Number of protein chains: 2
Amino acid sequence: MNQHLQPVISTASSRIYETLRRDLVGGRFAAGEKLAINALKEHYHVGLSPLREALNKLAAYGLLIQENQRGFRVPTLTRAELDDIASMRLELEGMAFERAIQHGDAVWEAELLAAAHRLKRADMSLEKDEEWETLHSQFHRTLVAPCGSVWLLRFIEQLHDQFDRYRRLGPKMPTVRQTLDDQHHQLVELALQRDTKAARALMDDHIHKSYQVALKRYEAHA
Amino acid sequence: MNQHLQPVISTASSRIYETLRRDLVGGRFAAGEKLAINALKEHYHVGLSPLREALNKLAAYGLLIQENQRGFRVPTLTRAELDDIASMRLELEGMAFERAIQHGDAVWEAELLAAAHRLKRADMSLEKDEEWETLHSQFHRTLVAPCGSVWLLRFIEQLHDQFDRYRRLGPKMPTVRQTLDDQHHQLVELALQRDTKAARALMDDHIHKSYQVALKRYEAHA
DNA sequence: GTCAGTTAAAAAATCGATTATTTGATATAA
DNA sequence: TTATATCAAATAATCGATTTTTTAACTGAC
């Protein structure tokens with residue numbers, strides 16, 4: 001029996017896309033900043049064509065603003081947009097989590113536990129920052145994965161990236177972080193118990209608390 | 001006083017993007033078809049670089065599938081995806097319409113009436129097909145415009161384009177079309193009366209009827 | 001006939017250079 | 001001073017050619 005292993009072929013374009021996406025979400029560029037394409041070319045050691053293709057994709061995805069004849073800019077951060085993103089997360093992730101609890105099977109249950117465990121184990125030391133972020137994203141993806149709607153998942157993913165631009169503005173806040181980490185495990189608990197209503201309520205609260213963190217950082221940043 | 005008229009600068013890349021978007025939504029390419037980049041270059045009289053940039057954007061937008069080292073394909077059409085898109089439209093457009101009715105002002109009311117009128121006047125003769133489609137999109141955009149969420153509007157726009165790939169598969173169906181056109185005016189009526197509940201119900205029905213049209217065409221097409 | 005290996009043609013991705021447009025500095029006129 | 005015009009430098013967009021990878025046709029072994 002031939003294992004059809006996903007090859008995950010990469011191109012210069014797909015690599016620089018993923019790198020830039022991470023750096024944009026992680027706040028390595030200033031909000032509102034105009035991107036100097038030549039500088040990017042140098043910094044990431046990449047050719048102009050793959051770079052421009054990546055920038056075009058990021059603009060279509062919403063992590064860059066493209067203006068004809070004047071290149072690419074990093075979107076500004078605004079209170080109104082943070083509110084918008086958080087409110088959309090509440091609606092869409094809540095909906096998705098409910099549906100996931102209805103449809104998720106035993107495999108999902110196992111993946112939930114695994115994802116929560118990996119996230120817990122990943123210490124948040126400064127060097128492993130990016131690793132924790134990856135596991136955190138992966139955990140939230142797993143929560144809603146079996147919701148049954150490809151488009152809903154797509155929108156949620158996009159909103160998460162947007163939200164993280166705000167959440168990751170400042171330094172870590174260990175106290176609040178602990179509360180949020182605890183909620184991760186409680187979310188798994190309630191999902192396994194198929195307690196849709198309580199799960200939804202906790203998800204709402206989780207997003208709301210995250211929003212408060214993001215807002216605090218946004219205000220400190222401005 | 002200097003009128004700061006939006007110049008709407010266009011580039012080869014932005015032009016071919018818009019053209020391809022229309023053609024993809026309008027069904028000028030077969031579902032599942034592999035795009036021959038050289039043929040596109042010839043057909044649209046455009047250079048390789050702007051063409052590739054447009055294709056990358058369309059892939060990020062969801063109107064194309066990009067596979068590393070093997071170019072771009074038109075997404076296939078499936079019953080499951082049509083159901084997904086329609087169900088997401090129900091949720092998101094319903095939500096947006098309710099919010100628009102809460103927040104929309106007198107300017108919006110005027111724009112609604114204007115958009116509905118333009119749509120009614122546009123006859124659906126075969127040559128003016130594309131013009132009617134533009135006015136129809138514009139009308140639905142206007143309905144939800146003051147919902148207060150940029151991201152919600154963005155998702156709805158995307159879902160409309162996806163939905164239209166199914167709706168526009170076959171020839172026109174004048175009888176059903178008449179019902180749907182009538183609903184457009186009723187939607188405006190209820191919006192002006194600020195009857196949120198009835199408006200939402202009608203919007204749901206409108207989307208559901210459109211879904212039935214799209215489904216019929218999808219099944220006839222397969 | 002079917003399967004793996006080989007290779008020529010086709011296609012995708014990328015590069016290096018060119019062209020077009022914008023930006024910002026300077027000059028000039030109101 | 002303020003506004004407008006001019007022009008050089010910087011940047012964005014595009015082109016044409018090259019490199020890399022895939023596809024498909026062909027070959028011979030089983």
Side-chain angles (χ1 to χ4, degrees), chain A residues 1-21 23-24 29-30 32-76, chain B residues 1-21 23-24 29-30 32-76:
Chain A
M1 188 68 68
N2 205 357
Q3 276 264 65
H4 202 14
L5 291 169
Q6 174 81 345
V8 188
I9 304 159
S10 85
T11 61
S13 176
S14 68
R15 279 191 302 274
I16 187 61
Y17 171 84
E18 191 52 33
T19 303
L20 282 171
R21 192 192 62 78
D23 288 353
L24 284 163
F29 296 92
E33 175 184 356
K34 170 138 198 291
L35 293 188
I37 298 195
N38 263 326
L40 291 180
K41 232 181 58 165
E42 307 260 312
H43 185 263
Y44 291 103
H45 304 290
V46 72
L48 181 61
S49 309
L51 176 57
R52 284 191 58 91
E53 292 192 1
L55 295 174
N56 272 280
K57 269 191 280 199
L58 288 163
Y61 183 66
L63 280 173
L64 287 176
I65 308 287
Q66 180 169 26
E67 281 165 315
N68 287 341
Q69 309 287 17
R70 46 193 75 178
F72 298 86
R73 288 186 307 103
V74 180
T76 55
Chain B
M1 184 70 65
N2 205 356
Q3 277 264 64
H4 203 12
L5 291 168
Q6 174 80 344
V8 188
I9 305 159
S10 86
T11 61
S13 176
S14 68
R15 280 192 300 273
I16 187 62
Y17 171 84
E18 190 51 34
T19 303
L20 281 171
R21 193 192 63 76
D23 287 353
L24 284 162
F29 297 92
E33 175 184 354
K34 170 141 197 292
L35 293 189
I37 298 194
N38 262 324
L40 291 181
K41 234 182 56 165
E42 307 261 309
H43 185 263
Y44 291 102
H45 303 289
V46 71
L48 182 59
S49 309
L51 177 57
R52 284 192 59 92
E53 293 192 1
L55 295 174
N56 272 281
K57 269 191 281 199
L58 288 163
Y61 184 66
L63 280 173
L64 286 177
I65 308 286
Q66 180 170 28
E67 279 166 316
N68 287 340
Q69 311 286 18
R70 46 194 74 180
F72 298 86
R73 287 185 309 102
V74 179
T76 55

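Each chain gets a letter, A, B and so on, in the order its sequence line appears, and its residues count up from 1. Fair warning: this is a prediction, and the values are worked out from it, not measured in the lab.
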Chemist: Do B:Leu20 and B:Leu64 make a side-chain contact, defined as non-hydrogen atoms from C-beta onward lying under 4.5 Å apart?
Modeler: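 A side-chain contact is absent here, since even the closest heavy-atom pair is not under 4.5 Å.
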Chemist: Do B:Arg52 and A:Ser49 make a side-chain contact, defined as non-hydrogen atoms from C-beta onward lying under 4.5 Å apart?
Modeler: no
Chemist: May I ask you to list the residues of residues 39-48 of chain B, by number, that have any heavy atom positioned under 4.0 Å from an atom of DNA chain D?
Modeler: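 Within residues 39-48 of chain B, the residues near DNA chain D are B:Gly47, B:Leu48.
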Chemist: Would you tabulate the nitrogen or oxygen pairs shorter than 3.5 Å linking the protein to nucleotides 7-11 of chain D?
Modeler:
none

Chemist: Could you check whether A:Thr11 gets within reach of a base, just the sugar-phosphate, or nothing at all, counting any heavy atom under 4.0 Å?
Modeler: sugar-phosphate
Chemist: Walk along DNA chain C from 5' to 3' and tell me the first and last nucleotide with an atom closer than 4.0 Å to a non-hydrogen atom of chain B.
Modeler: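 So the outermost contacting nucleotides come out as C:dA11 to C:dT22.
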Chemist: My understanding is that only residues two or more places apart in sequence, or in another chain, count here; which of them pass side chain to side chain contact (heavy atoms under 4.5 Å, CB included) with B:Asn68?
Modeler: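 Here the qualifying residues are A:Ile9, A:Thr11, A:Ser14.
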Chemist: What are the residues of residues 59-70 of chain B, sorted by number, that bring a heavy atom to within less than 4.0 Å of DNA chain D?
Modeler: B:Gln69, B:Arg70
Chemist: Could you go through the side-chain contact (heavy atoms from CB on, under 4.5 Å) check for A:Ser13 and A:Lys57 one step at a time?
Modeler: CA-CA 10 Å; A:Ser13 176; A:Lys57 269 191 280 199; 4.1 Å; yes
Chemist: Name all residues meeting the side chain to side chain contact (heavy atoms under 4.5 Å, CB included) criterion together with A:Lys41; count only those two or more places apart in sequence or in a different chain, and write none if there are none.
Modeler: A:Asn38, A:Leu48, A:Leu51
Chemist: Enumerate donor-acceptor pairs with a distance under 3.5 Å from any side-chain N or O in residues 69-76 of chain A to protein atoms, sequence neighbours excluded.
Modeler:
| residue | atom | partner | partner atom | Å |
| --- | --- | --- | --- | --- |
| A:Arg73 | NE | A:Glu67 | OE1 | 3.1 |

Chemist: Quick check on contacts: within residues 14-21 of chain A, what sits under 4.0 Å from DNA chain C by heavy-atom distance?
Modeler: none
Chemist: Check salt bridge (Lys or Arg N to Asp or Glu O under 4.0 Å) between A:Glu33 and all other residues, then give those that pass, not counting sequence neighbours.
Modeler: none
Chemist: Using five base pairs at each end to define the local axes, how bent is the helix from C:dG1-D:dC30 to C:dA30-D:dT1, to the nearest 10°?
Modeler: 20°
Chemist: Students often mix this up, so state it plainly: with edges at 30° and 60°, are the rings of B:Tyr17 and B:Tyr61 parallel, tilted or perpendicular?
Modeler: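 Because their plane-to-plane angle is over 60°, the rings of B:Tyr17 and B:Tyr61 count as perpendicular.
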